[in-house]
Amino acid sequence: QVQLVESGGGLVQAGGSLRLSCAASGRTLNTNAMGWFRQAPGKEREFVAAVSWNGGSTYSADFVKGRFTISRDNAKNTVYLQMNSLKPEDTAVYYCAAARGPYTTEWHDAYNYWGQGTQVTVSS
């Protein structure tokens with residue numbers, strides 16, 4: 001059974017930065033794409049960014065391009081989301097997820113393992 005545990009969330013002022021981490025346990029995920037999603041109060045969960053199995057390819061939602069960077073360290077079985085220039089509208093619970101396949105995808109149903117989420121709050 002795969003477990004994903006997110007960390008690094010918190011309260012930050014607009015314009016600030018946070019780095020989220022997602023540590024996987026149970027088995028290695030170095031053949032699976034990994035992704036980050038987020039869900040704000042009253043809204044549906046939305047795709048943020050994904051990274052391919054070897055880190056060679058990434059894909060991000062338009063609203064985070066140029067601000068957020070996804071990366072992975074397969075030796076540590078960990079995925080990261082570096083978030084810069086944060087805005088109040090980035091406030092949400094951020095979820096890490098492992099995809100069934102090796103390539104980046106924004107399709108929610110392509111991910112079969114999910115973490116519990118970490119809260120990110122950006123104040124204005």
Side-chain angles (χ1 to χ4, degrees):
Q1 183 72 14
V2 173
Q3 287 189 326
L4 302 176
V5 179
E6 303 95 336
S7 61
L11 173 64
V12 64
Q13 288 188 332
S17 298
L18 284 174
R19 188 194 196 202
L20 304 184
S21 298
C22 171
S25 62
R27 70 171 179 88
T28 58
L29 294 174
N30 56 10
T31 60
N32 302 77
M34 300 292 293
W36 287 95
F37 290 74
R38 70 185 186 184
Q39 188 167 19
K43 295 187 177 182
E44 293 187 353
R45 191 172 299 187
E46 62 180 354
F47 170 77
V48 175
V51 60
S52 63
W53 66 280
N54 62 353
S57 176
T58 63
Y59 178 68
S60 301
D62 287 343
F63 57 78
V64 301
K65 285 181 179 177
R67 300 190 300 126
F68 293 8
T69 302
I70 188 170
S71 61
R72 67 190 297 164
D73 185 339
N74 283 345
K76 296 181 179 179
N77 224 20
T78 301
V79 179
Y80 306 97
L81 185 68
Q82 178 66 45
M83 305 187 296
N84 300 327
S85 302
L86 282 161
K87 305 175 182 180
E89 51 263 44
D90 293 319
T91 295
V93 177
Y94 283 71
Y95 297 90
C96 171
R100 293 182 180 84
Y103 303 113
T104 59
T105 175
E106 62 181 310
W107 187 36
H108 181 280
D109 288 350
Y111 294 83
N112 57 338
Y113 294 111
W114 294 83
Q116 292 300 306
T118 185
Q119 176 71 45
V120 171
T121 303
V122 184
S123 64
S124 57

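The first residue in the sequence is number 1, and the count goes up from there.
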So, do Thr118 and Leu20 sit near enough that their side-chain heavy atoms are less than 4.5 Å apart?
yes

Distance-minimising heavy-atom pair for Tyr111 and Ala99
CD2-N, 3.4 Å

Distance-only, no hydrogens or angles: does the Glu6 side chain make a donor-acceptor pair with backbone N or O of Gln116 under 3.5 Å?
yes

Of all pairs that satisfy side chain to side chain donor-acceptor pair (under 3.5 Å), the ones with a partner from residues 51-72, not counting sequence neighbours:
Ser52-Asn54, Tyr59-Glu106, Asp62-Lys65, Arg67-Asp90, Arg72-Asn74

Answer yes or no: is there a donor N or O on one side and an acceptor on the other, between the side chain of Asn77 and the main chain of Leu29, under 3.5 Å?
yes

Under the 6.0 Å and 45° cation-pi test, does Arg19 pair with Tyr80?
yes

Inspect the surroundings of CD in Glu46 and state if more than 12 heavy atoms from other residues, nucleotides or ligands are less than 6.0 Å away.
yes

Does the side chain of Trp36 reach to within under 4.5 Å of the side chain of Val79, using non-hydrogen atoms?
yes

Output all residues satisfying ring pair (Phe, Tyr, Trp, His ring centres under 6.0 Å) with Tyr94, sequence neighbours left out; order by chain, then residue number.
none

Would you list the pairs meeting disulfide (SG to SG under 2.5 Å) in which at least one residue belongs to residues 15-124, sequence neighbours left out?
Cys22-Cys96

Which atom names give the shortest non-hydrogen contact between Leu4 and Ala24, and what distance separates them?
CD2-CB, 3.6 Å

Given side chains that start at C-beta, do those of Phe37 and Val93 come closer than 4.5 Å, heavy atoms only?
no

Can you tell if the side chain of Arg27 reaches within under 4.5 Å of the side chain of Tyr113, non-hydrogen atoms only?
yes

Side-chain contact test, heavy atoms from C-beta onward, threshold under 4.5 Å: evaluate it for Ser17 versus Met83 and give yes or no.
no

In short, Gly9 meets Val120 closest at the heavy-atom pair CA-CG2, 4.1 Å

How many angstroms lie between CE in Met34 and OG1 in Thr78, if you round to the nearest 0.5 Å?
9.0 Å

Taking Trp107's backbone N and O only, do any of them form a donor-acceptor pair with Thr105's side chain (distance below 3.5 Å, no angle check)?
yes

Say whether Val5 and Leu18 are linked into one hydrophobic cluster, either directly or through other cluster members, by side-chain heavy-atom distances under 4.5 angstrom.
no

Heavy-atom side-chain contact between Tyr95 and Arg38 under 4.5 Å:
no

Count the heavy atoms belonging to other residues, nucleotides or ligands that lie under 6.0 Å from CD of Gln119, then report whether that count exceeds 12.
yes

I'd like to know if the side chain of Thr121 reaches the main chain of Leu11, judged simply by a donor and an acceptor atom lying under 3.5 Å from each other, with no hydrogens or angles considered.
no

Rounded to the nearest 0.5 Å, what separates atom CG in Asn84 from atom CZ in Phe68?
8.5 Å

From OG (Ser124) to CD (Gln13), nearest 0.5 Å:
9.5 Å

So OH of Tyr103 and CG of Asn32: to nearest 0.5 Å the spacing works out to 12.0 Å

Check whether the ring centres of His108 and Phe47 lie less than 6.0 Å apart, and answer yes or no.
no

